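Every chain is numbered from 1, with letters handed out A, B, ... down the list of sequences. Every heavy atom of this structure was used, including side-chain atoms; hydrogens, water molecules and symmetry mates were not. The shown structure was predicted, so the numbers you read here are calculated from the model rather than taken from an experiment.
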Amino acid sequence: MPEPASPQVEHAIAVCAAHGNAASELIEILHDIQDEAGCVAEETLPAIAKALNLARAEVHGVMSFYHDFRRAPAGRVRVQLCRAESCQSRGASALIEDFCARHDVALGQTSRDGMLTVEAVYCLGNCALSPAAMVNGRLVGRADVARLDALVAEAR
Amino acid sequence: MRIYVPADSAALSVGADETAAAVDAAIAARGLDATLVRNGSRGMFWLEPLVEAETPAGRIAFGPVTAGDVDSVIGAIVDGTAHPLALGLTEEIPYLKNQERLTFERVGVTDPLSLADYEAHGGLAGLRAALGMDGAAICKEVLDSGLRGRGGAGFPAGIKWKTVHDLPEGQKYICCNGDEGDSGTFADRMIFEGDPFLLIEGMVIAGIAVGATEGYLYIRSEYPRSIEVMKRAVAIMEAAGWLGANVGGSGRTFWLKVRRGAGAYICGEESSMLESIEGKRGTVRSKPPIPAISGLFGRPTVINNVLTLAAVPLIMDKGAQFYRDYGMGRSTGTLPFQLAGNIARGGLVEKAFGVTLRELVEDFGGGTASGRPFRTAQVGGPLGAYVSAGMLDLPMDYETFAENGAMVGHGGIVVFDDTVDMGAMARFAFEFCEIESCGKCTPCRVGAVRGKETVEKILRGEDVAKNVALVEDLCEVMRDGSLCAMGGLTPMPVLSALKLFPEDFDRAPKLAAE
Ligand SMILES: Cc1cc2nc3c(=O)[nH]c(=O)nc-3n(C[C@H](O)[C@H](O)[C@H](O)COP(=O)(O)O)c2cc1C
Ligand code: SF4
Ligand code: FES
Ligand code: FES
């Protein structure tokens with residue numbers, strides 16, 4: 001007897017079905033899965049490939065091409081710090097260094113307690129209010145360490 | 001009375017929701033006969049959150065208004081008294097008054113998701129005009145307007161449209177490029193969030209012009225609010241019959257889907273975007289064939305930037321000549337410039353082509369935010385050149401900029417003061433290319449890594465002259481041998497930094513003891 005599918009796999013199959021199992025919807029499908037589950041788990045990839053009639057390598061290829069998709073969930077607080085040119089002109093490099101040091105986490109990593117994930121991002125469309133950041137999807141303008149710390153504390 | 005507090009992402013990023021909640025509370029507490037409207041942003045971001053109120057004389061503005069300021073501001077509005085945050089009539093603020101807002105006519109003025117507001121402010125007039133014309137005539141009108149692509153390359157929109165129109169009937173597509181990845185740009189975002197029906201109207205007109213019944217709008221995932229607003233706007237337009245099987249009762253069909261990007265700068269390159277919409281890795285396609293002939297799913301496709309399509313309704317309403325009367329030379333019409341970076345008054349300035357950089361940076365922008373001397377600006381995004389103070393009097397026009405080794409691009413201007421390290425910026429240009437390259441061709445994929453490493457050597461003072469020459473050679477290889485402008489234009493910021501600011505690369509070798 002085949003093992004029953006895990007809830008994650010079942011969810012992935014349902015999302016594919018909601019998109020008509022169309023391979024052209026793969027990016028939307030991965031987004032929807034990740035929005036719900038926090039990541040696209042390795043174990044869901046074969047089921048997605050099967051539902052969309054794609055090779056597993058193709059799904060892997062798409063997953064790895066796009067910076068957005070993750071295989072493991074981020075911390076409860078996800079901080080994206082913009083390091084593109086406009087934000088650099090307003091001190092983004094120092095802000096990033098300072099923020100990471102205070103929270104003892106490297107850019108692109110999750111803190112040891114698994115709470116805080118800090119990522120680099122390249123422009124959030126808020127360049128008139130640089131430096132910009134995003135905390136759990138909420139845009140922050142004229143970011144400084146004090147404001148970011150407060151938002152992190154609030155979101156914890 | 002209507003009181004306005006923007007719900008544009010940038011305004012929200014400095015507390016507009018908190019301000020709006022306080023306005024609502026103040027209206028209730030005072031029992032005022034007033035409604036709160038969440039408009040788009042006027043684009044004067046240093047004044048956000050900007051609160052406006054209707055008065056018999058016109059709308060008056062206050063800013064920046066924090067939640068704590070709201071009660072006294074409402075008091076000043078009700079009693080007509082003075083207030084330290086008062087800015088007078090909104091339309092008389094020089095920053096706005098001195099603009100030529102064609103595309104951004106309604107942004108910040110209307111409720112973005114009110115179709116009634118949209119029509120009351122001239123919306124749908126262009127589409128109504130287009131519905132009375134045949135496709136060839138619409139394409140000709142766009143061609144005659146001189147409208148050029150606002151996504152960067154400046155290709156005439158009318159020629160693209162005519163190419164697709166002239167191909168035999170069958171499935172054709174309109175794809176709107178809303179990837180807006182360039183640092184220093186936010187005009188597309190302001191349209192999504194401030195006047196979404198305008199973009200939809202432009203896309204429907206394009207569909208009718210070339211015989212396409214389906215459109216895709218690709219928006220980067222970094223803009224979650226834009227995606228949400230555009231999806232709601234599409235649903236409203238469908239319900240009102242302006243999208244779907246019988247556009248405005250004309251019997252024509254046009255459906256529109258919104259697609260999310262997934263955090264890849266290269267997906268702003270048009271063929272990479274098509275791959276992404278098809279659900280694939282965003283690897284750049286070789287040309288030919290051009291997308292107009294073989295685009296989305298191999299079918300003829302018009303690809304235009306948000307600002308290109310958003311300029312069309314006005315052209316259809318007022319005519320090609322009206323639009324042509326703005327601008328200079330072959331750069332007709334207006335461009336929504338975006339003032340960003342180290343600038344006192346950052347925001348959106350829509351002006352006819354021909355305005356000088358100095359007018360934008362100094363008169364509108366008020367110079368640097370830090371108050372320190374201007375050193376450089378990067379114009380046209382991360383693949384655009386750095387310009388020196390000596391170039392500030394250049395008029396913004398595609399040809400003039402090209403002649404001076406720079407580009408207008410999507411109209412983003414990122415200002416830096418004299419603390420900028422141009423060596424670090426050159427290094428970053430290579431690093432960005434390394435991170436975002438699609439990996440298809442060697443000059444870009446390998447050149448970016450080698451370039452970054454070589455600039456690092458220069459910055460450490462190692463064999464400076466030899467390594468500068470090596471960077472120049474690498475840039476030549478990237479420029480001539482890359483398949484797309486990611487690798488092809490990365491040399492622009494690098495070489496302009498080297499040429500205009502050689503002193504930043506002239507490092508002495510670090511002492512051995514260090
Ligand atoms: C690396 C790269 C990124 C690009 N990013 C964008 C973008 O974000 N938005 C855009 O409209 N065009 C972008 N372009 C230009 C598009 O390839 C294309 O020229 C444009 O969408 C065509 O529309 P237009 O003629 O209306 O400008 C990019 C090009 C390259 C090479
Ligand atoms: S230049 Fe770079 S981004 Fe463009 S096709 Fe080549 S590898 Fe891809
Ligand atoms: S460069 Fe940071 S928000 Fe645009
Ligand atoms: S002339 Fe009628 S659609 Fe082309």
Judged by modelled atom types alone, do A:Ser86 and B:Ser183 share a side-chain donor-acceptor pair under 3.5 Å?
->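 Their side chains do not contain a donor-acceptor pair, so the 3.5 Å distance test is not met.
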Using distance alone, with no hydrogens and no angle criterion, decide if B:Ser13 and A:Asn126 have a side-chain donor and acceptor under 3.5 Å apart.
-> yes
Measuring heavy-atom distances to chain A, does [X] have an atom under 4.5 Å in its side chain, in its backbone, in both, or in neither?
X        : answer
B:Glu193 : neither
B:Asp182 : backbone
B:Met425 : side chain
B:Ser9   : both
B:Phe192 : neither
B:Pro224 : side chain
B:Tyr223 : side chain
B:Ser226 : neither
B:Cys438 : both
B:Tyr265 : neither
B:Ile435 : both

Only pairs of heavy atoms separated by less than 4.5 Å count here; which of [options] has the most with chain A?
options                                : result
B:Ala424, B:Gly15, B:Gly282, B:Ser370  : B:Gly282
B:Gly365, B:Ser221, B:Gly412, B:Gly347 : B:Ser221
B:Arg189, B:Glu278, B:Met190           : B:Glu278
B:Ser276, B:Ala264, B:Ala187           : B:Ser276
B:Gly341, B:Gly346, B:Pro382           : B:Gly341

Electrostatic pair [X]-[Y], nearest N-O below 4.0 angstrom:
X        : Y        : value
A:Asp35  : B:Arg260 : yes
B:Glu269 : B:Lys440 : no
B:Arg375 : B:Asp504 : yes
B:Glu275 : B:Arg281 : no
B:Glu180 : B:Arg220 : no

Are the aromatic rings of B:Phe186 and B:Phe45 close, with centres under 6.0 Å apart?
->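 Yes, close enough.
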Contact winner vs chain B - [options], heavy-atom pairs under 4.5 Å:
options                             : answer
A:Val121, A:Val59, A:Leu26          : A:Leu26
A:Gln80, A:His67, A:Glu85           : A:Glu85
A:Ala84, A:Ala133, A:Cys87, A:Gly61 : A:Gly61

Counting distance only, does the side-chain N/O of B:Arg259 pair as donor-acceptor with the main-chain N or O of B:Tyr218 below 3.5 Å?
-> no
Donor-acceptor under 3.5 Å (A:Gln88 side chain, A:Arg83 main chain) =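 Here the side-chain-to-backbone pair exists.
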Quick one: what part of [X] sits under 4.5 Å from any heavy atom of chain B, side chain, backbone, both or neither?
X        : answer
A:Ser93  : neither
A:Leu129 : side chain
A:Met134 : side chain

When you look at B:Glu436 and A:Tyr122, which way does the side-chain hydrogen bond (donor to acceptor under 3.5 Å, both in side chains) test go after all the steps?
-> CA-CA 10 Å; B:Glu436 301 295 341; A:Tyr122 298 89; over 6 Å; no
Decide ring pair (Phe, Tyr, Trp, His ring centres under 6.0 Å) for B:Phe364 and B:Phe337; before the verdict, give the C-alpha distance in whole Å, the side-chain angles of both, and the deciding distance to 0.1 Å.
-> CA-CA 11 Å; B:Phe364 284 95; B:Phe337 295 97; 9.3 Å; no
Walk me through it: do A:Glu42 and A:Arg71 pass the test salt bridge (Lys or Arg N to Asp or Glu O under 4.0 Å)?
-> CA-CA 6 Å; A:Glu42 191 71 41; A:Arg71 289 174 194 236; 2.6 Å; yes
